[in-house]
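Report on the structure given below.
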Amino acid sequence: MNAFVSYSRRDNPLGRLAEVELQLGAIGDVYIDDLHHPPNVNRHVAVIAALEAASTFIAVLSPHYAQTPWTRYEVREAARRGLPLLLLTEAGAVREGSYDELLPVADATP
């Protein structure tokens, strides 16, 4: 499985992202932008390419998740592509989700 991990940078410093990577490693290969950004590649281009290559979308839920234009874009794009959705809750549980839960997030304004 090739999973794209969507998260708010404000709520997830590098140490937290490393923990997320360890936790989700059992699921398969995960792309976490701040941990896996290829050198000398435009960040936006890399994120879009990783999202296009993903077979699963994982949203790391947090207080500021809905407040970034990128997380909203990622949710809308993953829903449009019909990617299976997993949610990593603030309590650390991974569960299946539906885009109906996140689409209001994607439509929220900052």
Side-chain angles (χ1 to χ4, degrees):
M1 176 185 313
N2 188 16
F4 181 91
V5 179
S6 175
Y7 59 93
S8 163
R9 282 184 168 158
R10 184 173 179 183
D11 299 324
N12 294 283
L14 290 178
R16 168 72 176 126
L17 293 175
E19 292 171 4
V20 168
E21 180 179 39
L22 284 173
Q23 181 178 2
L24 297 176
I27 291 172
D29 291 331
V30 295
Y31 176 83
I32 299 175
D33 177 49
D34 284 328
L35 298 180
H36 305 127
H37 177 77
N40 303 318
V41 176
N42 177 287
R43 183 173 295 278
H44 294 146
V45 170
V47 167
I48 290 167
L51 186 52
E52 288 176 356
S55 60
T56 300
F57 184 81
I58 302 173
V60 179
L61 303 179
S62 66
H64 297 101
Y65 185 79
Q67 296 179 4
T68 74
W70 271 100
T71 54
R72 293 192 306 270
Y73 165 79
E74 292 163 358
V75 168
R76 283 192 302 269
E77 185 61 20
R80 183 190 70 75
R81 291 192 54 227
L83 293 178
L85 171 65
L86 295 176
L87 303 175
L88 177 58
T89 69
E90 289 183 72
V94 177
R95 66 174 177 86
E96 290 184 9
S98 75
Y99 285 102
D100 291 339
E101 295 175 74
L102 291 182
L103 286 175
V105 168
D107 296 327
T109 57

Counting heavy atoms not belonging to R43, are there more than 12 under 6.0 Å from its CZ?
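Atom CZ in R43 is crowded, with more than 12 foreign heavy atoms closer than 6.0 Å.
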Specify the closest pair of heavy atoms between [X] and [Y], including all atoms of both residues, with the distance to one decimal.
{"X": "V47", "Y": "W70", "answer": "CG1-CZ3, 3.9 Å"}
{"X": "F57", "Y": "S6", "answer": "CZ-CB, 3.3 Å"}
{"X": "E21", "Y": "V30", "answer": "CG-CG2, 4.2 Å"}
{"X": "S62", "Y": "D11", "answer": "OG-OD2, 2.6 Å"}
{"X": "E90", "Y": "P63", "answer": "OE1-CD, 3.4 Å"}

From [atom1] ([X]) to [atom2] ([Y]), nearest 0.5 Å:
{"X": "Q67", "Y": "R10", "atom1": "CD", "atom2": "CZ", "value": "6.0 Å"}
{"X": "H64", "Y": "R9", "atom1": "NE2", "atom2": "CZ", "value": "15.5 Å"}
{"X": "L24", "Y": "L22", "atom1": "CG", "atom2": "CG", "value": "9.5 Å"}
{"X": "L87", "Y": "T89", "atom1": "CG", "atom2": "OG1", "value": "8.5 Å"}
{"X": "I48", "Y": "Y73", "atom1": "CD1", "atom2": "OH", "value": "4.5 Å"}
{"X": "E96", "Y": "L86", "atom1": "CD", "atom2": "CG", "value": "6.5 Å"}

F4 and Y31 aromatic ring geometry - parallel, tilted or perpendicular at 30°/60° bounds:
parallel
Any heavy-atom pair between the side chains of L85 and L102 that's under 4.5 Å?
yes
Taking C-beta and beyond as the side chain, do L17 and Y7 meet within less than 4.5 Å on heavy atoms?
yes
Are the side chain of [X] and the backbone of [Y] linked by a donor-acceptor contact shorter than 3.5 Å?
{"X": "H37", "Y": "D33", "value": "no"}
{"X": "S55", "Y": "N2", "value": "yes"}
{"X": "E101", "Y": "S98", "value": "yes"}
{"X": "Y99", "Y": "L83", "value": "yes"}
{"X": "Q23", "Y": "G92", "value": "yes"}
{"X": "T68", "Y": "S8", "value": "no"}

Are V41 and L51 joined in one hydrophobic group, where the rule is that I, L, V, M, F, W and Y side chains link up if heavy atoms are under 4.5 Å apart?
no
